[in-house]
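To keep things clear, I will list the structure first and then write my remarks on it.
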Amino acid sequence: MKKPLRIGLIGYGFMGRTHSNAFRKVSNFFDLDYEPVLQAICARDEAKAKAFADKWGWQSVESDWRKLVDRDDIDLIDIGSPNNTHAEIALAAAKAGKMILCEKPLSMDAAEGLKMAKAVEKAGVPNMVWYNYRRVPAVTLAKQLIDEGRLGKIFHYRAKFLQDWTISKDLPQGGTALWRLDVKVAGSGVTGDLLAHCIDTAIWLNGGFADVTAVTETFIKERKHTLTGKVEKVGIDDACSFLSHFKNGSLGNFESTRYARGHKALYTFEINGENGSLFWDLHDLHRLQVFDYKDDKLIRGWKSVHVTDSEHPYMKNWWVPGLQIGYEHTFVHQVADFIQGLQDGKPVAPTFRDALETQYVCDAVLKSGRSGKWEKVGGRKG
Ligand code: SOE
């Protein structure tokens, strides 16, 4: 008999769907001691929450997250609501002794994130942030190759996350689908939304950041606000490019924009080391491009590894070798790892404390965008 893991999810947007799907599927593909139970979905609009519950199989509905947190029949609070709600919910959930999963970015800024990390540590509750791209099998394989020392000393880490969905000046800011454009709700623009992914992966693969220098731009200065109906100043960064020094001496080069016409979600990274290089592209997510300088000189070249074999990370749990998986599966992997962590009594990365490191980098990037100077990155020493 599996043990129930009774989940209360807050938010039914895009992330509410990815998380619900992961909770539903994980037991079909991973042998675990716990079974996620879709106990309650919570959102302010009760009718919409009810419709979402019917569609995804949530057993009950709440319209006030405080009631959800107070319920004795909930073991885990999953925060899938907009960024400005994360801290208050997480602090209350930690106090109530609930396990917590939180959508990325952890918080509006590092000061808020630090409070959240301290709260879960004080309460001793398992916690994790949904930086899902770590669990694309090709990205996890990159981590494995780097940890085995195959690249040798790392010189360069380069990443981009390009989109094009906010180019129209007629697009309003704020409200249900457009809160990512409202700085009061999102905290920042592409830095917290997209570069946060690149930074999380980079810290995981290449270690911490020492300092950064950034340029940020807001191309459309004013937009109508969906909730007030008024034209208001836009406070988010529409685009951000930054350079960095990593603590291991390598150089970082990062770019993100929502104004790269033709690109919908082009997340790519390339890492160059003394013995080899790796390249990965979200639009071709099941492949890892590998260059190994130790290969025979006559046939040395970039290899495109189709990361679908049973030896590859996570793949033995899915279909037969050669058949690929996609975006949604990264969330399933994250739930599987979290549950494995519960069984082993071990924290599963990225914990709130790990995700706080990304907040420190984002804060330094945004500060540098304003100051025009190199800014040191706070957080963990070493
Ligand atoms: C923004 O469009 C967004 O949905 C991000 O919020 C997600 O984190 C990213 O994975 C895809 O793009």
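In each ligand, atom 1 is the first atom listed, and ligand 1 is the first ligand listed.
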Heavy-atom nearest neighbour in the protein, as seen from [atom], with distance rounded to 0.1 Å:
atom: atom 12 (O) of ligand 1; answer: Gln163 NE2, 3.1 Å
atom: atom 10 (O) of ligand 1; answer: Tyr133 OH, 2.6 Å
atom: atom 6 (O) of ligand 1; answer: Asp193 OD1, 2.6 Å
atom: atom 7 (C) of ligand 1; answer: His197 NE2, 3.7 Å

Quiz item: If you measure from each heavy atom of Trp165 to ligand 1, is any distance below 4.0 Å?
Solution: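 Yes, Trp165 has a heavy atom closer than 4.0 Å to ligand 1.
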Practice problem: State whether the shortest distance between N or O atoms of Asn132 and N or O atoms of ligand 1 falls below 3.5 angstrom. | Solution: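 No, there is no polar N/O contact under 3.5 Å.
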Quiz item: What are the atoms of ligand 1, with element, lying closer than 4.0 Å to any heavy atom of Lys104?
Solution: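 Under 4.0 Å from Lys104, ligand 1 has these atoms: 5 (C), 6 (O), 7 (C), 8 (O).
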Exercise. Find all atoms of ligand 1 within a distance of less than 4.0 Å from any non-hydrogen atom belonging to Phe14, and give their numbers and elements.
Key: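 Those qualifying, in numeric order: 4 (O).
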Quiz item: Do Gln163 side-chain atoms and Ala265 backbone N/O form a donor-acceptor pair below 3.5 Å?
Solution: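 The answer is no, because no donor-acceptor pair under 3.5 Å joins these two groups.
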Exercise. Take Trp56 and Phe23 through the ring pair (Phe, Tyr, Trp, His ring centres under 6.0 Å) test and state the conclusion after the steps.
Key: CA-CA 10 Å; Trp56 287 96; Phe23 295 134; over 10 Å; no
Quiz item: Are the ring centres of Tyr267 and Tyr133 closer than 6.0 Å?
Solution: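 Between Tyr133 and Tyr267, which both carry aromatic rings, the centre distance is below 6.0 Å.
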Quiz prompt | Tyr259 and Trp165 aromatic centres sub-6.0 Å | solution =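 Judged by ring-centre distance (under 6.0 Å), Tyr259 and Trp165 do not meet the cut-off.
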Quiz item: Would you call Arg287 and Asp281 a salt bridge, using N to O less than 4.0 angstrom?
Solution: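 Between Asp281 and Arg287 there is no salt bridge, as every charged N stays at least 4.0 Å from the carboxylate O atoms.
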Self-check item: Test log, rule salt bridge (charged side-chain N to carboxylate O under 4.0 Å, His left out), inputs Lys224 and Asp170
Solution: CA-CA 8 Å; Lys224 191 167 161 184; Asp170 299 328; over 6 Å; no
